[in-house]
Amino acid sequence: MEKKTRTFWIVVFKLLLVEGLESTRSYDYTKYHSMDEIYRWMEDVERGNPELVSSAIYGHTYEERNITLLKLGLQNPESREKKVIWMDCGIHAREWIAPAFCQWFVKEIVNSYKTNKKLEQILQNVDIYVTPVINVDGYIFTWANDSTRLWRKSRSTPPPGSGCYGVDLNRNFNANWGTVGVSFDSCSNTYCGKSAGSEPEAKAVMDFVGKLVNRTLCFLTIHSAGQLILLPYGHPEISAPNYNELVSVGKAAAAEMKKLHGMNYTVGTSPQILYANSGSSRDWARLIGIPFSYTFELRDKGEFSHLLPEEQIKPACEEAFAGALSIITYVHDKTYGTLPNAAVTTMTTTISGVAMTIWSTVMVVSLTIGVLM
Amino acid sequence: MMSVRIIVVLAVLTGVTGSPNVMIKPEADMSAHPNSVPETVEETEIFGQQNVPVLVGEEAEEDVMATGELNPNHYPAQRAAKVVQHYLNTRYGSPYRLFGLQRVNSGNAEDVADSGRKYQLEVTVQEIIGNTTEKCSAEVLFPRGERQGSAQVQASSWEELLKNDTEAQEEALYQEYKMNQSLVTAQNLPDSYGHIEPDMKPLWHLGFVASSFVMLNESTENTLYNMAQVANVTQLPTENDQLKFDYHILLHEMVSQEIIHWKLLFTWSPPEGVKVLQMEQLPHCHHCEKPPNTN
């Protein structure tokens with residue numbers, strides 16, 4: 001009796017596992033999915049890959065829906081503390097290619113980590129937190145009917161005296177809030193809310209990432225459209241201290257992206273290549289000390305804008321994956337000292353440079369002492 | 001001996017921390033704390049002329065005046081070049097010929113006394129349907145001050161863009177729509193999934209061309225327009241051998257991120273091209289934004 005029960009449960013468990021794996025394999029990543037489908041997909045991915053994927057609900061939207069992330073990571077043999085990489089999609093409801101990319105990203109990692117040694121190493125050192133849709137209410141609203149497809153903001157109720165819903169979540173973060181590139185008119189598509197972090201969606205990100213900031217290497221926030229890689233800051237008069245490195249890492253990512261389908265992605269700060277803005281999640285991340293923070297604006301450059309055809313999901317996601325992975329690999333290798341040859345030479349030069357400095361300092365000091373004596 | 005040891009230790013410390021190649025994790029950028037935006041920042045315009053002194057970066061400086069040689073990837077040249085795209089579509093666009101801005105190769109801007117600001121641009125333009133590209137020179141004048149009105153554009157070396165022969169297709173489409181028993185109507189081109197039925201594509205292209213008249217008219221140095229969607233197409237009875245259409249289009253203005261609704265009444269035939277009879281901006285319908293399931 002006991003053995004039969006045990007066998008039964010083993011079979012059930014295996015069936016669930018297989019079903020989980022198969023449902024991720026049969027999930028069509030080249031189509032846009034409703035929020036219900038995305039919630040179900042997250043459960044399936046977690047259930048099908050328990051050694052890699054776990055989920056967390058880290059906040060609730062204005063309409064009280066779950067804001068859920070998937071955490072991708074592997075146990076490292078020494079149980080060392082893991083660093084963090086953050087990726088979010090769908091802050092703006094109509095930018096459907098962004099949540100599509102977050103799902104694609106997870107799928108790629110799930111499908112390749114067992115056979116890609118570098119990826120396995122990264123996942124042992126780093127946890128990648130992926131939020132497929134932050135602005136769940138807004139995203140659901142864009143699916144309601146044909147007239148709602150181009151909604152951008154959240155779905156908070158109108159403030160007193162106004163008839164207009166929603167806040168531009170990417171103007172609501174606590175980063176030079178309310179200074180440039182915003183409107184205080186609640187009917188505007190860049191309405192920044194009544195105060196920094198007033199919106200539950202933005203607050204959820206700030207609270208959660210805020211606790212992890214000391215371990216966080218990189219913050220990527222995915223949008224469309226325009227084919228841009230934006231670095232901090234959105235304010236035209238503030239420059240990140242590591243601006244040069246942000247540019248070179250961004251340009252390396254853009255070069256990787258172009259290799260796939262020939263698409264150009266322009267790299268720069270928002271005030272340079274797009275427009276000034278404040279209160280963005282990217283700026284907030286850099287301000288609290290996360291060294292690498294980028295906004296990806298995916299395809300296209302105006303032919304379809306936010307209504308990107310489904311047949312472009314695959315190429316758009318392939319190039320975005322290459323770009324994201326380029327940055328992730330860089331920040332990982334920078335921390336874990338596994339830089340390629342050029343950097344090894346730098347290290348050697350550094351060591352000999354340091355030695356020379358020490359030697360010359362000692363020489364100067366002893367000569368001085370010698371003279372004094 | 002003790003003192004020598006101390007000296008060596010100090011020297012080592014100096015050597016280690018003084019080396020510029022040692023990777024130190026950057027600390028939180030305290031100088032850019034949310035509350036430390038310099039008080040000298042006035043309520044100036046966000047883009048275009050900036051009177052506020054730039055604190056950091058040569059990159060920012062070249063945009064302050066947006067005059068002289070421009071960085072082709074930065075927004076001033078990009079916005080001006082987009083206007084060239086709209087212009088080309090109004091002049092040469094058709095259901096089988098559409099232009100997109102592919103890249104800006106170089107740009108120059110100067111103030112023209114009493115007139116406005118003039119941009120000189122070298123751009124690469126793509127003919128979207130035939131997928132060909134061509135380099136093109138253009139001048140865009142944004143009027144200022146006394147002279148109002150829309151941007152003035154001149155373009156040269158664009159003839160190569162017309163090399164794809166579209167005559168036969170245009171004639172076939174024209175005849176088909178002229179002879180139709182019932183007048184064509186269509187909605188949502190593209191639909192929410194970015195999809196357009198193949199036989200609806202020429203109507204979408206026509207919308208692109210017609211909306212370019214609006215976008216050309218409305219463009220300034222502070223805007224970047226694209227057509228987001230054709231919400232509705234209604235064919236009207238043919239007049240004087242011109243096909244006639246009533247379109248409801250949605251434009252996306254990038255800087256404000258707004259979706260702006262326009263109604264367009266226009267005619268088209270292969271010899272005459274698109275001629276806009278009426279254009280009217282529709283008001284933003286705020287009460288339409290209530291949740292769909294509530295009254």
Side-chain angles (χ1 to χ4, degrees), chain A residues 32 144-150 152 163-165 174-177 179-181 187-190 233 235-243 264 266 268 271-276 286-289 291 301-310 312 334 346 349-350 353-355 357-358 361-362 365, chain B residues 7-8 11-12 14-16 18-19 21-23 25-29 32-34 37-38 41 46-47 50 52 54-57 59-60 63 71 73-75 78 100-101 103 128 187-188 190-195 226 228-229 250 252 254-259 284 286-292:
Chain A
Y32 294 118
N145 58 56
D146 292 326
S147 73
T148 61
R149 173 61 176 85
L150 291 171
R152 167 182 166 90
C164 298
Y165 282 70
N174 189 14
N176 304 301
W177 179 86
T179 52
V180 287
C187 293
S188 161
N189 258 354
T190 54
Y233 290 102
H235 197 292
E237 290 174 24
I238 305 173
S239 193
N242 59 340
Y243 172 82
N264 286 317
T266 312
Q272 288 169 345
I273 62 177
L274 185 59
Y275 44 57
R286 186 62 195 89
L287 267 178
I288 60 161
K301 290 187 80 71
E303 191 183 345
F304 293 96
S305 292
H306 302 304
L307 303 182
L308 194 72
E310 285 181 312
Q312 286 199 44
K334 184 174 175 173
T346 313
T349 322
T350 310
V354 169
T357 315
I358 296 169
T361 312
V362 169
V365 169
Chain B
I7 290 163
V8 171
V12 168
T14 315
V16 167
S19 165
N21 288 328
V22 171
M23 289 166 193
K25 185 179 157 130
E27 303 157 331
D29 182 19
H33 187 274
V37 173
V41 174
I46 302 155
F47 12 78
Q50 301 238 7
V52 186
V54 175
L55 296 181
V56 285
E59 294 276 351
D63 284 336
N71 184 319
N73 288 325
H74 287 195
Y75 76 77
Q78 289 286 328
L101 173 70
R103 63 182 287 139
I128 294 171
Q187 291 84 35
N188 302 320
D191 67 13
S192 291
Y193 305 89
H195 180 70
N226 284 297
Q229 191 185 48
L250 306 181
H252 175 230
M254 182 77 86
V255 179
S256 64
Q257 290 291 350
E258 296 297 338
I259 302 294
H284 189 164
H286 291 311
H287 76 260
C288 304
E289 295 169 5
K290 282 198 176 59

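Everything numeric in this text was worked out from a predicted model, so none of it was measured. We name chains A, B, ... by the order of the sequence lines, and we start the count at 1 in each one.
Once rounded to the nearest 0.5 Å, the distance linking CZ of B/Arg103 with NZ of A/Lys301 reads 9.5 Å. Taking CD from B/Gln229 and OG from A/Ser305, the interatomic distance works out to 11.5 Å, rounded to the nearest 0.5 Å. Annotation: the span from B/Ser192 atom OG to A/Glu310 atom CD amounts to 10.0 Å, rounded to 0.5 Å. Rounded to the nearest 0.5 angstrom, A/Thr266 OG1 and B/His74 NE2 are separated by 9.5 Å. Residue A/Gln272 holds its CD atom at 7.5 Å from CG of B/Asn71, rounded to the nearest 0.5 Å. Atoms CG and NE2, from A/Leu307 and B/His252 in turn, are 10.5 Å apart once rounded to the nearest 0.5 Å.
A/Tyr275 and B/Met254 get closest at one heavy-atom pair: CE2-O, 3.2 Å. The minimum heavy-atom distance between A/Phe304 and B/Gly194, with the atom names listed, is CE2-O, 4.2 Å. When every heavy atom of A/Tyr32 is checked against every heavy atom of B/Tyr193, the shortest pair comes out as CE1-O, 4.0 Å.
Options A/Asp146, A/Thr190, A/Asn264 differ in how many heavy-atom pairs under 4.5 Å they form with chain B, and the most are formed by A/Asp146.
Heavy atoms of A/Leu274 lying under 4.5 Å from chain B belong to its backbone as well as its side chain. In this structure, chain A has no heavy atom under 4.5 Å from any part of B/Gln78. Heavy atoms closer than 4.5 Å to chain A are found in both the backbone and the side chain of B/Asn73.
Not a single donor-acceptor pair under 3.5 Å links the side chain of B/Glu258 to the backbone N or O of A/Ser188.
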